[in-house]
Chemist: 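Please see the structure below; I have some questions.
Counting starts at 1 for both ligands and their atoms, in listed order.
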Amino acid sequence: MSDFTIMGVVNVTPDSFSDGGRYLDAQAAIEHGLELEAEGAAILDVGGESTRPGADPVPEAEELRRVIPVIEGLIARGAGARISIDTSKAAVAARALDTGATLVNDVTALRGDPDMASVVAAAGAECCLMHMLGDPRTMQDDPHYDDVVGDIKAFLEERMAFAVTAGIAEERILLDPGIGFGKTVEHNLALLRRLGEFLDLGRPVVIGTSRKSFLGRLTGRAPDERVAATVATNVLAYERGARLFRVHDVAPVHDALTVTAATVRPPWTIRTSTTE
Ligand code: HH2
């Protein structure tokens with residue numbers, strides 16, 4: 001039994017930074033989700049609104065039109081992975097939860113829509129609270145922190161208290177420092193280096209470095225050439241205690257984390273089907 005969970009990204013958007021437009025068609029998104037599950041994703045994170053820097057907001061009706069058929073299709077096709085809805089709109093979360101999603105991944109940490117906390121609480125859903133400085137239009141405009149780890153820890157602690165007060169059970173909360181959301185390259189690296197400090201908050205830590213621009217700034221590579229850099233950061237994050245990994249490239253990250261987990265936390269399992 002592995003002690004890590006991979007969340008595969010299913011973006012049903014025309015403008016996501018690394019795969020925009022590839023899975024805009026519901027059938028393509030469903031096939032992609034099933035492939036990610038076969039590669040080892042235990043959660044499929046379905047999103048219909050890009051959060052890349054400068055992204056335009058998507059109207060609720062359009063977001064629903066993008067994501068609901070994909071969730072329905074994944075369930076109809078017998079997906080075994082749990083389904084997460086990546087949204088900051090309460091109405092989208094509510095419909096997704098009714099359709100069969102069990103986790104709400106809200107990059108605004110319940111600040112984007114006043115009804116979001118009660119929707120999550122009423123459904124008894126899990127929710128991922130992520131840190132973002134400002135909003136996607138402005139977040140990369142000279143972000144500043146007194147102490148990036150301390151400031152984000154305090155933010156997540158406050159958001160967790162808010163969620164619990166709103167009726168969301170603490171055991172259903174996941175926390176994410178929000179790599180790339182209002183952070184310089186140095187901020188992202190400091191968060192990874194000191195990720196273990198977030199374990200003090202007592203909830204599972206989610207990390208999303210996949211193909212992000214700081215990896216491009218460091219390697220000079222385009223988004224779809226950042227797999228090795230993504231693997232490196234996820235291995236580092238595991239070693240520092242993260243247990244949920246939001247990625248586009250599930251197969252390589254799954255292999256890398258399998259070996260990392262076996263090394264860091266034995267016993268490991270020998271798979272007899274491998275060839276020498
Ligand atoms: N990153 C993105 C979107 N959602 N959710 C969590 N919890 N953590 C993250 O780091 C995170 C997230 C951005 O990645 P992507 O979905 O590929 O891009 P876009 O927002 O352009 O669709």
Chemist: Verify the neighbour count for atom CZ of R111: are there more than 12 heavy atoms of other residues, nucleotides or ligands below 6.0 Å?
Modeler: yes
Chemist: Centre of F162's six-membered ring, under 6.0 Å away, within 45 degrees of the axis: is that where NZ or CZ of R159 sits?
Modeler: yes
Chemist: Check the pair R193, E186 against salt bridge (charged side-chain N to carboxylate O under 4.0 Å, His left out), reporting the backbone distance first and the verdict last.
Modeler: CA-CA 10 Å; R193 196 179 301 123; E186 189 44 54; 3.5 Å; yes
Chemist: Should the ring pair F4 and Y238 be called parallel, tilted or perpendicular, given that the plane angle runs from 0 to 90° and is split at 30 and 60?
Modeler: perpendicular
Chemist: Show me, by chain and number, every protein residue that has a heavy-atom distance under 4.0 Å to ligand 1.
Modeler: N11, S16, F17, S50, T51, R52, D86, N105, V107, C128, M130, D176, F181, G208, K212, R246, H248
Chemist: Are the charged groups of R246 and D86 less than 4.0 angstrom apart, N to O?
Modeler: yes
Chemist: Tell me if a side-chain donor or acceptor on E31 pairs with a main-chain N or O of A28 at a distance below 3.5 Å.
Modeler: no
